[in-house]
**Q** 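Just dropping this structure here.
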Amino acid sequence: MSNFVAGIDIGTSKIRAVIGEVTDEGVFQITGVGTSPSTGLRKGNVVNIEATVRAVSQAVEAAEMMSGVEIQHCTIGIGGAHIEALNSRGSVALPQKKENYEIQQEDIAKVIDVARACRFPLDRQVIHVIPRSYIVDGEEGIKDPRNRIGVRLEAEVHIVTGSVTSVQTVLKCVNRAGLFVDEYMLNSLAEIKAIMTEDERELGSVLIDIGAGTTDIIVMSGGAPVLTAVLPVGGEHVTNDISIVEGLSVEMSEKIKCEAGYCWEPLIEEDSDIILPGIGGRPPVKIPRTTICSVIQPRMEEIFSMVKEKIAPVTDSCSLSGNFVLTGGGANLAGVVELACDVFGTQNVRIGIPGTFGGVVGEYRSPEYSSVIGLVLNAYERFSRMQPETFTKDTPSGSVLTWVKNWFKEFF
């Protein structure tokens with residue numbers, strides 16, 4: 001059995017694959033990183049299976065070439081505008097066969113099953129059921145109720161659902177690329193694992209992933225998510241705005257946005273210009289950098305305003321003393337922190353960047369790699385809990401829900 005694990009982030013603009021190695025001493029290090037342009041997705045949903053399969057294969061091959069190994073198993077991220085979530089509560093009476101009954105693991109599993117017993121349309125499937133807290137005989141805020149004495153146990157859970165078609169199509173694409181999917185998880189939850197500290201999760205923080213086609217949001221409080229949402233707007237809209245206003249191709253607009261774009265005008269130095277390439281034989285044109293900023297800033301401000309509106313019900317009901325953590329490709333825009341501070345009315349805003357895990361140093365230390373790093377970390381932790389002899393190419397995916405319950409209990 002090889003000591004290698006892999007994660008694949010299937011995004012709207014890029015598909016990223018990361019391979020990690022578990023050394024004989026149990027140390028985890030990243031040894032391979034691969035990226036491929038993604039042309040088969042729109043707003044996180046697969047619209048062209050063949051193009052997506054090719055892009056997944058190219059990203060995996062690049063990572064394999066860098067690491068010098070061939071992978072067969074992976075953990076993949078699920079995202080897109082089809083993601084929805086809700087909070088639910090379940091309650092069970094505890095057995096009273098004997099006096100002073102202590103809560104057991106089977107009681108916890110039972111109350112979680114009750115809490116997740118919500119009515120969902122047939123076209124939706126449960127991706128995660130995440131325990132937030134437990135209540136024993138009216139005592140709230142209990143993280144682990146095992147061995148406590150009580151007569152009634154309640155559980156508050158956060159349920160993440162997705163479109164059956166969308167989830168299964170992503171799995172199909174990865175399978176057709178020659179890989180077996182061990183686990184799948186929500187991209188933004190993987191990002192929390194990679195870039196958000198335990199204190200931030202406990203105190204109450206907001207993760208904002210500004211992707212190409214969507215902006216993903218998760219509000220953490222008390223160590224668990226209380227809100228998960230996806231906005232159908234992202235970095236592509238900024239690029240399209242530049243393209244329309246300046247009359248440039250989408251490719252050139254994307255390049256200008258990434259290399260010379262600002263979304264907070266006070267940061268721009270006076271007399272700072274950008275050279276726009278000529279179209280159809282016209283000579284290049286020099287324009288003030290503030291002109292491009294006047295296109296980018298309103299759109300980014302709109303995105304943050306939409307996030308603020310979406311999280312308002314949560315911020316009104318619970319205290320968020322942590323940070324706003326920005327990640328995804330949109331977090332690379334100059335001035336994004338300053339703009340977020342202005343919109344959210346706080347100075348507690350930072351960029352989320354994955355840590356260093358030896359091996360390929362620096363290759364992945366950028367916000368757009370947050371999701372795939374979280375996925376490969378998840379794969380590593382799963383790997384470390386399994387007996388080597390049980391992890392083979394023919395290992396079935398098993399009960400994803402059961403394993404996710406256990407994983408989130410340890411994670412949060």
Side-chain angles (χ1 to χ4, degrees), residues 75-80 82-92 105 107-120 124-136 140-146 153-162 167 183-209 216-230 310-311 313-314 317-318 320 322 325 370-371 374-375 377-379 381-382 385 397-412:
T75 295
I76 67 170
I78 299 294
H82 65 97
I83 296 296
E84 297 177 359
L86 58 88
N87 294 319
S88 179
R89 176 182 287 201
S91 176
V92 296
Q105 184 62 46
D107 300 316
I108 297 174
K110 183 178 179 180
V111 75
I112 289 177
D113 286 339
V114 172
R116 72 181 297 270
C118 302
R119 284 182 170 270
F120 296 108
R124 300 202 63 80
Q125 71 177 76
V126 174
I127 298 175
H128 296 303
V129 178
I130 309 166
R132 291 174 49 206
S133 67
Y134 299 92
I135 303 167
V136 179
E140 299 182 350
I142 299 171
K143 296 298 182 183
D144 186 355
R146 285 177 298 181
L153 174 65
E154 298 174 74
E156 294 179 325
V157 301
H158 188 70
I159 305 174
V160 180
T161 70
V167 173
E183 301 290 347
Y184 57 86
M185 66 184 299
L186 187 65
N187 279 325
S188 45
L189 288 173
E191 290 169 332
I192 286 175
K193 192 173 194 64
I195 63 175
M196 191 175 283
T197 67
E198 183 177 350
D199 286 343
E200 286 175 329
R201 298 195 296 265
E202 287 291 337
L203 292 173
S205 298
V206 182
L207 176 90
I208 305 172
D209 173 11
D216 299 344
I217 311 162
I218 283 194
V219 179
M220 300 290 295
S221 182
V226 294
L227 181 145
T228 299
V230 180
K310 181 66 70 172
I311 68 175
V314 175
S317 61
C318 64
L320 299 180
V325 184
S370 297
S371 179
L375 293 171
L377 286 174
N378 179 75
E381 293 185 2
R382 179 180 187 275
R385 289 194 298 268
S397 58
S399 174
V400 173
L401 177 61
T402 300
W403 181 84
V404 167
K405 286 178 186 175
N406 295 335
W407 181 84
F408 272 106
K409 193 173 82 170
E410 293 181 11
F411 180 62
F412 293 120

**Q** Drop me the distance from Asp209's CG to Ile218's CD1, to the nearest 0.5 angstrom.
**A** 9.5 Å

**Q** Under the rule for side chain to side chain donor-acceptor pair (under 3.5 Å), what residues qualify as partners of Thr228, not counting sequence neighbours?
**A** His158

**Q** Quick check against the 3.5 Å criterion: does Arg124 have a side-chain atom that pairs as donor or acceptor with the backbone of His82?
**A** yes

**Q** Do you know the tightest heavy-atom contact between Lys193 and Gly374?
**A** CD-O, 4.0 Å

**Q** Could you tell me the separation between the OG atom of Ser221 and the CZ atom of Arg201, rounded to the nearest 0.5 Å?
**A** 13.0 Å

**Q** When rounded to the nearest 0.5 angstrom, what distance separates OG in Ser371 from CG in Asp216?
**A** 8.5 Å

**Q** Examine distances only and state if a side-chain atom of Arg116 and a backbone atom of Ile159 form a donor-acceptor pair shorter than 3.5 Å.
**A** no

**Q** Are Ile135 and Arg89 close enough, and set up right, to give a side-chain contact (heavy atoms from CB on, under 4.5 Å), and what steps lead you there?
**A** CA-CA 10 Å; Ile135 303 167; Arg89 176 182 287 201; 3.4 Å; yes

**Q** Which atom names give the shortest non-hydrogen contact between Gly77 and Asn187, and what distance separates them?
**A** CA-OD1, 3.0 Å

**Q** Heavy-atom distance under 4.5 Å between the side chains of Ile127 and Ile83, does that happen here?
**A** yes

**Q** What's the spacing between Ser133 OG and Asp144 CG if we round to 0.5 Å?
**A** 12.0 Å

**Q** Locate the shortest heavy-atom distance separating Leu207 from Ser188; write the atom from each residue and the value.
**A** CD2-O, 3.5 Å

**Q** Taking all non-hydrogen atoms of both residues, which atom of Ala194 and which atom of Leu377 are closest, and how far apart?
**A** CA-CD1, 4.3 Å

**Q** Got Asn378 and Leu189 here, is their nearest side-chain heavy-atom distance under 4.5 Å?
**A** no

**Q** With distance as the sole test, does Ser205 use its side chain to make a donor-acceptor pair with the main-chain N or O of Met220 at under 3.5 Å?
**A** no

**Q** Could you give the distance from CD (Glu191) to CE (Met185), rounded to the nearest 0.5 Å?
**A** 10.0 Å

**Q** So which atom in Pro131 and which in Ala224 form the shortest heavy-atom distance, rounded to 0.1 Å?
**A** O-CB, 4.0 Å

**Q** Taking all non-hydrogen atoms of both residues into account, name the closest pair between Gly90 and Val111 and its distance.
**A** O-CG2, 3.5 Å

**Q** Atom CG in Leu227, atom CG in Leu86: separation rounded to 0.5 Å?
**A** 11.0 Å

**Q** Just by modelled atom types, is the Gly222 backbone N or O under 3.5 Å from a matching donor or acceptor in the Lys143 side chain?
**A** yes

**Q** Do any N or O atoms from the side chain of Asn87 and from the backbone of Glu156 form a donor-acceptor pair under 3.5 angstrom?
**A** no

